[in-house]
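Notes for the one structure printed next.
Sequential numbering from 1 along the given sequence is applied to the chain's residues. Atoms within each ligand, like the ligands themselves, are counted from 1 in listed order.
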Amino acid sequence: MAPDKPTVRRREFIKTSSGAVAASMVAASPTTATTLLSHLMRQAPMRYALVGTGIRGITMWGRDVAREYADVVEIVGLCDINPGRLAYAKNYIGIDCPTFTDFSDMLRETRPDTLCVTTMDSTHDEFIVRGMEAGCDIVTEKPLTTDEDKCQRILDAQARTRKNVTVTFNYRYSPHRTRMTQLLMEERIGRLTSIDFHWYLDVDHGTSYFRRWHGKERYGGTLFVHKATHHFDLLNWWIDSEPEEVFAHGALEYYGHNNPFRHTNCRGCPYADQCRHFWDITQDEFLMRLYVDHEHHDGYLRDGCVWSNEIDIFDKMAAQIRYMNGVQVSYSCTTYSPYEGYRIAFNGTKGRMEAWIKEQQPWQAEEYDEIRVTDNFGDTELIRIAHAEGGHGGGDTRLMDRVFRDPSAPDPYGHAAGVRDGAMSILIGIAARTSVKTGEPVKIASLTTLKPRATRA
Ligand SMILES: NC(=O)c1ccc[n+]([C@@H]2O[C@H](COP(=O)([O-])OP(=O)(O)OC[C@H]3O[C@@H](n4cnc5c(N)ncnc54)[C@H](O)[C@@H]3O)[C@@H](O)[C@H]2O)c1
């Protein structure tokens, strides 16, 4: 497999870099560097095609690309199985390019050099593999895919074609998480030994996963994969090692069958008055135009019932993860909290670094995130990191700058993520999902041909 990770190692960094976090965040990976350098050398824009014109595809990877990166990217084609949404997408993005309901037609007629994959999770592998085989480098939304067999197909195709795969882990790019990485690199708490990591999705955001395809394992791989791929990627990145073994518990105890009434979706629901999760999509003009207007093509209900008996994913999850370098992690995710955010504590031989990051709370007046570092036999230090503007704490824009604009800058914190990162993060979720079902711990090495390493490659 072609190398897909930056080469600056932790110790080298300590010797060579004292730069500020922000300054580092414009850097790029060799993965995207290869792609972008080749197109810069051609003095021609990247020929960029996109498959999956849902909200993620048409906003960040559609309109934002068209508006902010038109000097380096030409959008040559859009594809979706829903012809109505596809037509809306073209208009919303504001470009004049051909549209396709058949992916093969798009590849053949537009000959892109880069393919962006923003379809439903369980279909990513199909487009990643076929895109690479047609000569495209890939920019794919997380998760890389949803099970180990599809993951192996992607790994094999990447090894065969040597094309570049960028997995868009935008969470890495937020300033406070980068600061955590910097402090770990500096061994501010000594040698890292364990992490307590607990994520809370609130009754608005958390509930949204149970309204859509995400609530079915066959489409999103459970939230251990769909959502926690972000969290597991952060862990892999912070720990700078790869996972060895996972043991997990999970259950569906709130959504789905856990309610006396249900309907197909919120519009027209006879229980609207009684349901705490009733959501009136008709109040959202954008979602009406993007989804509801085109329901008749594919039956995709954006306001599906959170009490559907078809929901088969866990709504509470806990996992123990052991890493190849000996670090142990206690992870949990709850999907029906009164507030949104996460608590994390990094335990080291010399002290502890912790944070309680609250997101989107009405009472949250602070304009900064706080990290507390406490020495085992000394003082405690409070580090404040100002909030950044933009999606995911400004992470979305910084990620796109790296992908499209500035691929050759150094990447001292290793923000860029390739196919191995994408695989390692989902493999933790796949192992956790399997462990819940079997009651046994699962070795990451048993899932694909990837053999986890003590230090990330
Ligand atoms: N990184 C992030 O923070 C983030 C945030 C949101 C979504 N995402 C990811 O982005 C992707 C899209 O999410 P979304 O919320 O826009 O979903 P969505 O369901 O709104 O859109 C997906 C689109 O893919 C299309 N599609 C499905 N199967 C297809 C197929 N076989 N061929 C062609 N088109 C197909 C659907 O018709 C739909 O238009 C998902 O993988 C999701 O995990 C990432």
If the contact criterion is a heavy-atom separation under 4.0 Å, does [X] count as touching ligand 1?
{"X": "Phe127", "value": "yes"}
{"X": "His214", "value": "no"}
{"X": "His124", "value": "yes"}

Do any nitrogen or oxygen atoms of [X] come within less than 3.5 Å of a nitrogen or oxygen of ligand 1?
{"X": "Asp121", "value": "yes"}
{"X": "Pro143", "value": "no"}
{"X": "Glu141", "value": "yes"}
{"X": "Asn82", "value": "no"}

| query | For the ring pair Tyr254 and Phe210, is the centre-to-centre distance below 6.0 Å? | reply |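 Not under 6.0 Å, so no.
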| query | With atoms numbered from 1 as shown, which atoms in ligand 1 lie under 4.0 angstrom from a non-hydrogen atom of Gly52? | reply |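 Reading through ligand 1 atom by atom, the close ones are 24 (O).
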Does ligand 1 have a heavy atom under 4.0 Å from the side chain of [X], from its backbone, from both, or from neither?
{"X": "Phe103", "result": "neither"}
{"X": "His226", "result": "side chain"}
{"X": "Arg56", "result": "both"}
{"X": "Lys142", "result": "both"}
{"X": "Tyr291", "result": "side chain"}

| Distance from atom 35 (C) of ligand 1 to nearest protein heavy atom, with residue and atom |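 Protein heavy atom at minimum distance: Ile81 CG1, 3.5 Å.
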| request: May I ask you to check whether Asp80 and Thr53 show a side-chain donor-acceptor distance below 3.5 Å? | output: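 Indeed, the side chains of Asp80 and Thr53 share at least one donor-acceptor pair under 3.5 Å.
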